[in-house]
Amino acid sequence: MITVFFALLFVPMSHISDAEKSEQENRMLAQKPHISIYDEDGNNYGTQFDAWYNDHFFGRDAMNYLYNYIKFYINPQGENHKAMVGQNGFLWLKWDNHIKMFQNNDLFDAKQLKIIGENINKFVNNAQKAGVKNVYFMLSNDKESMYPEYYPSYMKKVGKVSRLEQLIEYMHSKYPQIKILNFRNKFEEIKKKNTVFFKTGTHMSNIGTFYEYYFLVNAIKQDYPDLDILTPDDFDTDISDDIEKAGTDIDIYKEFVVLPRYAKSNFKNKILRMKSGRHKEFKYIDDFNICVDKKYYKYYIDCLRGENTNINNKLKLFIIGDSFSVGYARYLFETFSKVDRVFFGEGGDFFFPEDIVRVFYDNIPDIFIVETTERFLPRFLTLEFPNNPNVDN
């Protein structure tokens, strides 16, 4: 027994994995350290070696899977410190801001509403002074608001009105001339036949993303009747159950490594594929310096420029937003002749580096869209329109 015991001690080091990323944990694994007394960050070799060995020893994935498998079934509600299992196969983040969003427990106070209203109004006025014809504020619902019926049954509402509904009502009453867009009511009809959010993540599904575009451009069409808009008839529908498929949001799924066996059907999603002959070729324009050198990457800012000479109109669109707008940006190239899309990740405040400001003022758009999801509404508390760098302000 003593011999077997000591022999087993060598099993974990019998084969060291060379993997760089853990798919189960959705994180990068520690790298093998170089032998030195201290590295540039002040960490000693022993600490780094311990972290590397703990991430790469033989059998680690199997042990990790078994651990989570047992933990999941000991805890039938499927809750851990980061996420929880709801009803009908839906998964939910257990972050404080997400729970408050479901509970309607994070309303703005009167002072905050006043600041947001003034900021948005000033933003619109300054945009129009710069030459922008129309400004639209696209406020997207999060999954907690779109599918509250599938939230864990033990979680209860606190308030009757959401922060998003509160802000929309305030803006409509104080600034009725400003175009505040939200399509919750329209999605209530769509979700009767389609799942518009990934059950396993926080983002809209392929179907939901298309309809977000569809409702948005139809609202803009009221000011520009000649817009050519993609419709559901322009697509074929397929079914995908590949959880690793590009574009599939699996950030919550990664918190429950046993779920592929638990509910494989929950990963099936409708995928829209544009019919042949409908797509109008466009070209990317890469004159955003920020897209090349990534010098603002710490702010999670990314951008995309494109031009479509096959579009009948000559409308130029500039859109800033989070990952929801990135989802339907591709469709915008089928409707507008030129599109500038700026992505602000991690829910940070809207920030305009000089590269973006330069491109904006060199190519004043006809339409400016400001998009944000419900969870990031507080970014309007600091919203400012960028000043023209060529004018003494």
Side-chain angles (χ1 to χ4, degrees), residues 88 90 101-102 104 120 134-151 157 160-173 175-199 201-237 247 249 269-272 274 278 317 319 321-336 341 367-377 380:
N88 195 30
F90 276 72
M101 188 162 50
F102 163 77
N104 297 331
I120 290 178
N134 293 95
V135 181
Y136 303 86
F137 287 84
M138 176 65 191
L139 309 185
S140 302
N141 288 97
D142 269 293
K143 182 174 160 184
E144 283 79 2
S145 292
M146 194 67 70
Y147 285 102
E149 64 271 28
Y150 296 136
Y151 216 64
K157 293 279 189 181
K160 295 182 179 181
V161 179
S162 70
R163 183 169 61 181
L164 177 58
E165 292 170 324
Q166 177 197 28
L167 179 58
I168 292 174
E169 181 180 355
Y170 177 83
M171 292 301 299
H172 284 171
S173 63
Y175 301 95
Q177 77 281 6
I178 295 178
K179 303 178 191 299
I180 304 293
L181 306 178
N182 174 263
F183 304 112
R184 166 71 184 276
N185 292 337
K186 292 181 180 294
F187 271 108
E188 288 296 331
E189 290 299 316
I190 301 300
K191 77 174 195 177
K192 291 179 181 179
K193 296 182 179 180
N194 300 282
T195 303
V196 298
F197 273 81
F198 290 117
K199 289 185 175 184
T202 63
H203 288 83
M204 281 190 163
S205 65
N206 185 259
I207 295 287
T209 295
F210 167 75
Y211 277 104
E212 191 86 324
Y213 151 84
Y214 183 71
F215 296 143
L216 170 62
V217 292
N218 270 285
I220 297 175
K221 189 178 177 69
Q222 297 180 23
D223 297 313
Y224 300 90
D226 295 333
L227 283 184
D228 185 15
I229 300 174
L230 294 172
T231 71
D233 293 334
D234 293 317
F235 296 86
D236 292 320
T237 302
D249 178 26
N269 298 292
K270 285 186 179 180
I271 303 296
L272 293 180
M274 197 178 299
R278 181 60 181 87
L317 180 145
I319 178 170
D322 49 44
S323 53
F324 276 43
S325 63
V326 172
Y328 54 76
R330 170 64 188 82
Y331 300 132
L332 296 174
F333 290 108
E334 303 291 329
T335 299
F336 301 95
R341 185 268 295 160
I367 299 168
F368 197 123
I369 298 176
V370 180
E371 179 275 332
T372 190
T373 51
E374 187 173 356
R375 76 191 89 156
F376 300 141
L377 289 177
F380 286 138

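A quick note: this is a predicted structure, and the numbers were derived from the prediction, not measured.
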K.L.:
Do the charged groups of Lys193 and Glu189 touch, with an N to O distance under 4.0 Å?
P.N.:
no

K.L.:
Please determine whether the number of non-hydrogen atoms from other residues, nucleotides or ligands lying under 6.0 Å from atom CD of Glu169 exceeds 12.
P.N.:
no

K.L.:
Kindly indicate whether the side chain of Thr237, heavy atoms from C-beta on, has any atom under 4.5 Å from the side chain of Ile271.
P.N.:
no

K.L.:
So which heavy atom on Pro232 is nearest to which on Tyr214, and how close?
P.N.:
CD-CE1, 4.3 Å

K.L.:
Taking the side chain as everything from C-beta on, heavy atoms only, tell me whether Leu230 gets closer than 4.5 Å to Met274.
P.N.:
yes

K.L.:
Side-chain contact, heavy-atom cut-off 4.5 Å: Val326 with Arg341?
P.N.:
yes

K.L.:
What's the separation between atom CD1 in Ile168 and atom OG in Ser162, rounded to the nearest 0.5 Å?
P.N.:
7.0 Å

K.L.:
Testing the basics here: between Asn182 and Leu139, what is the closest heavy-atom pair and its distance to 0.1 Å?
P.N.:
ND2-O, 2.8 Å

K.L.:
Looking at Tyr136 and Ala219, would you say the former's side chain and the latter's main chain have a donor-acceptor pair under 3.5 Å?
P.N.:
no

K.L.:
Does the side chain of Ser140 reach to within under 4.5 Å of the side chain of Met204, using non-hydrogen atoms?
P.N.:
no

K.L.:
What pair of heavy atoms forms the shortest contact from Val161 to Asn104, and how long is it?
P.N.:
O-CB, 3.3 Å

K.L.:
Would you find a donor on one side and an acceptor on the other, under 3.5 Å apart, between the side chain of Ser205 and the backbone of Phe198?
P.N.:
no

K.L.:
Do the side chains of Glu212 and Phe210 get nearer than 4.5 Å, heavy atoms only?
P.N.:
no

K.L.:
Write down the atom of Thr202, the atom of Phe324, and the distance for their closest heavy-atom approach.
P.N.:
O-CZ, 3.8 Å

K.L.:
I'd like to know whether NZ of Lys221 has more than 12 heavy-atom contacts from other residues, nucleotides or ligands below 6.0 angstrom.
P.N.:
yes

K.L.:
Testing the basics here: between Phe336 and Ile367, what is the closest heavy-atom pair and its distance to 0.1 Å?
P.N.:
CE2-CD1, 3.6 Å

K.L.:
Dump the intermediate steps for ring pair (Phe, Tyr, Trp, His ring centres under 6.0 Å) on Phe215 and Phe183, then the final yes or no.
P.N.:
CA-CA 7 Å; Phe215 296 143; Phe183 304 112; 5.7 Å; yes

K.L.:
Name the orientation class of the two ring planes belonging to Phe187 and Tyr211 (parallel below 30°, tilted from 30 to 60°, perpendicular beyond 60°).
P.N.:
perpendicular

K.L.:
Write down the atom of Met171, the atom of Ile120, and the distance for their closest heavy-atom approach.
P.N.:
CE-CG2, 3.8 Å

K.L.:
Is there a donor-acceptor contact under 3.5 Å from the side chain of Arg184 to the main chain of Ser145?
P.N.:
yes

K.L.:
Taking the six-membered ring of Phe137 as reference, does the cationic atom of Lys179 (NZ for Lys, CZ for Arg) lie under 6.0 Å from its centre and within 45° of its axis?
P.N.:
no

K.L.:
Between the side chains of Tyr331 and Asp234, is a donor N or O closer than 3.5 angstrom to an acceptor N or O?
P.N.:
no

K.L.:
State whether the side chain of Asp142 and the backbone N or O of Met101 hold a donor-acceptor pair below 3.5 Å, judged by distance alone.
P.N.:
no

K.L.:
Under the 6.0 Å and 45° cation-pi test, does Lys143 pair with Phe197?
P.N.:
no

K.L.:
May I ask you to test the Lys191-Tyr147 pair for a side-chain heavy-atom distance under 4.5 Å?
P.N.:
yes

